[in-house]
Amino acid sequence: MKEIKIRICPFCGGEEMMETRVASYGGAYLTPVQNGGLRSAALFATVCRDCGSVVRTYCADPEKLYCKKERRNWQN
């Protein structure tokens with residue numbers, strides 16, 4: 001996964017960001033039809049310390065949802 005650094009808040013112009021983990025009940029879930037199982041991965045957020053806006057939400061380990069090989073097959 002590419003690392004993305006947000007330096008300035010698009011809402012207030014603040015320059016101090018913090019990384020937080022979204023609460024355990026707020027995760028990314030995917031139910032693949034071909035495998036029949038439920039997969040999940042933790043979500044994280046970049047939050048502006050000045051205004052509290054969530055500037056970015058992301059999954060730190062997208063491979064837990066689908067490995068690259070499976071994604072290629074699933075998209076076709």
Run Thr46 and Tyr58 through side chain to side chain contact (heavy atoms under 4.5 Å, CB included) and show every step you take. CA-CA 9 Å; Thr46 303; Tyr58 62 96; 3.9 Å; yes
Could you measure the distance from the CD atom of Glu16 to the SG atom of Cys9? Nearest 0.5 Å is fine. 12.0 Å
Minimum heavy-atom separation for Cys12 to Cys51, with atom names? SG-SG, 3.7 Å
Close side-chain approach of Val55 and Met17, heavy atoms under 4.5 Å: yes
Return the CD1 to CD distance between Ile6 and Glu19, rounded to the nearest 0.5 Å. 7.5 Å
Indicate if Met18 and Val54 have the same hydrophobic cluster label, given that clusters are the connected sets of ILVMFWY residues with side-chain heavy-atom separations under 4.5 angstrom. yes
When rounded to the nearest 0.5 angstrom, what distance separates CZ in Arg21 from CG in Leu43? 9.0 Å
